[in-house]
**Q** 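Below is the structure I would like to discuss, written out as structure tokens.
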Amino acid sequence: MTAKGNVFVVSAASGTGKTSLTAALAAVNDCVQVAVSHTTRKPREGEINGVHYHFVDTATFEQMIGDGAFIEHAFVHGNYYGTSANEVEKIRNQGTDVILEIDVQGAEQVRRQMPDAVSVFILPPTMDALRQRLLARGTEDEAQLALRLQNARQEFEQASLFDYLVVNDDLPTATQDLMHIVYATRLRQSNNNAALISLMQ
Ligand code: 5GP
């Protein structure tokens, strides 16, 4: 029987580059997969249903909440987002590690429900770098930019609740850091017990 995959929670303030980071990790490591969340947000250009998100309407999302389908869910920037238990278990049951790329509210729910989950908070190198990255995206006006930077400061206050902090200054270095966390988790005593038991028989 294949051992179940580990669960990793990755959170960061908007503009920190966590999507590129988790995508880079999954691209170089077959045994890691990013879970596809459900959301009521409208798809952006280029986003594909079932690949970037499962895009659903509010009635469907609320029905799923009522059915207890989500491990966690939150209302973020005016839309629902949630991780379904089905999605996570489907990946874990293949022995593949699963990454939940979710906000800090969702991270707190997962921490309570899945004490074995490993949580990682991604930091920008400086506030100025974060500001520059948000500016470069060109999707925010001055007021939205100020709001996102203020939200980022509030999210940093929660960073101390996470197991690991990774600074995303240089993408390849940050990807390596994340990979080391994944590898170290695979060597946890609880994950590696079969090796010990076989020696003692
Ligand atoms: P975006 O709309 O830019 O794709 O994501 C907005 C925020 O929602 C990001 O912080 C993202 O990490 C978060 N998010 C995405 N999926 C989930 C989810 O399933 N649960 C929670 N709690 N947050 C999510």
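Just so you know, ligand 1 is whichever comes first in the structure, and atom 1 is the first atom listed for that ligand. Remember, predicted model here, so these are calculated numbers, not experimental data.
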**Q** Suppose the criterion is salt bridge (charged side-chain N to carboxylate O under 4.0 Å, His left out): which pairs have a residue in residues 11-33, not counting sequence neighbours?
**A** none

**Q** Within ligand 1, which atoms have a heavy atom of Thr83 less than 4.0 Å away?
**A** 19 (O)

**Q** For a quick check under 3.5 Å, do Asp116 and Asn6 share a side-chain donor-acceptor pair by atom type?
**A** no

**Q** Check this for me - ligand 1, Ala12, N or O atoms closer than 3.5 angstrom, yes or no?
**A** no

**Q** Are side-chain heavy atoms of Arg131 and Leu145 found at a separation under 4.5 Å?
**A** yes

**Q** Under a 3.5 Å cutoff, is there a donor and acceptor pairing between the side chains of Glu101 and Thr19?
**A** yes

**Q** Just which atoms of ligand 1 are under 4.0 Å from any heavy atom in Arg41?
**A** 1 (P), 2 (O), 4 (O)

**Q** Does the pair Lys42/Glu47 count as a salt bridge with the N-to-O cut at 4.0 Å?
**A** no

**Q** Can Arg111 be said to sit on top of Phe162's aromatic six-ring, NZ or CZ under 6.0 Å from centre and within 45° of the ring axis?
**A** yes

**Q** For atom 3 (O) of ligand 1, what is the nearest protein heavy atom, given as residue, atom name and distance?
**A** Arg44 NH2, 3.0 Å

**Q** Parallel, tilted or perpendicular, judged at 30° and 60°: which one describes the rings of Phe70 and His38?
**A** perpendicular

**Q** Quick one: look up the protein heavy atom nearest atom 20 (N) of ligand 1 and list residue, atom name and how far away it is.
**A** Glu72 OE2, 2.8 Å

**Q** Could you identify the single nearest non-hydrogen protein atom to atom 13 (C) of ligand 1 and state the distance to 0.1 Å?
**A** Asp103 N, 3.9 Å

**Q** Would you mind listing which atoms of ligand 1 come within a distance below 4.0 Å of any non-hydrogen atom of Gly106?
**A** 22 (N)

**Q** Who's the nearest protein heavy-atom neighbour of atom 7 (C) of ligand 1, and how far?
**A** Val76 CG1, 3.8 Å

**Q** Please examine the side chains of Ile99 and Gln33, heavy atoms only from C-beta on, and report whether any two atoms are closer than 4.5 Å.
**A** no

**Q** Below 3.5 Å, N or O to N or O, backbone or side chain included: is there any such pair between His73 and ligand 1?
**A** no

**Q** Taking the minimum heavy-atom distance to atom 9 (C) of ligand 1, which of His52, Lys18, Glu101, Gln105 ranks first?
**A** Lys18

**Q** Could you tell me whether the side chain of Ser119 and the main chain of Asp163 form a donor-acceptor pair under 3.5 Å?
**A** yes

**Q** Is ligand 1 under 4.0 Å from a heavy atom in the side chain of Glu87, in the backbone, in both, or in neither?
**A** neither

**Q** Out of Phe75, Tyr81, Phe70, who is nearest to atom 17 (C) of ligand 1 when you count heavy atoms only?
**A** Tyr81

**Q** Please determine whether a side-chain nitrogen of the Lys or Arg among Arg186 and Asp97 lies less than 4.0 Å from a carboxylate oxygen of the Asp or Glu.
**A** yes

**Q** Write out the residue and atom name of the closest protein heavy atom to atom 19 (O) of ligand 1, then the distance separating them to 0.1 Å.
**A** Ser37 OG, 2.7 Å

**Q** If you measure every N/O of Tyr53 against every N/O of ligand 1, is any gap under 3.5 Å?
**A** yes

**Q** What atoms in ligand 1 come closer than 4.0 Å to a heavy atom of Ala74?
**A** 22 (N)

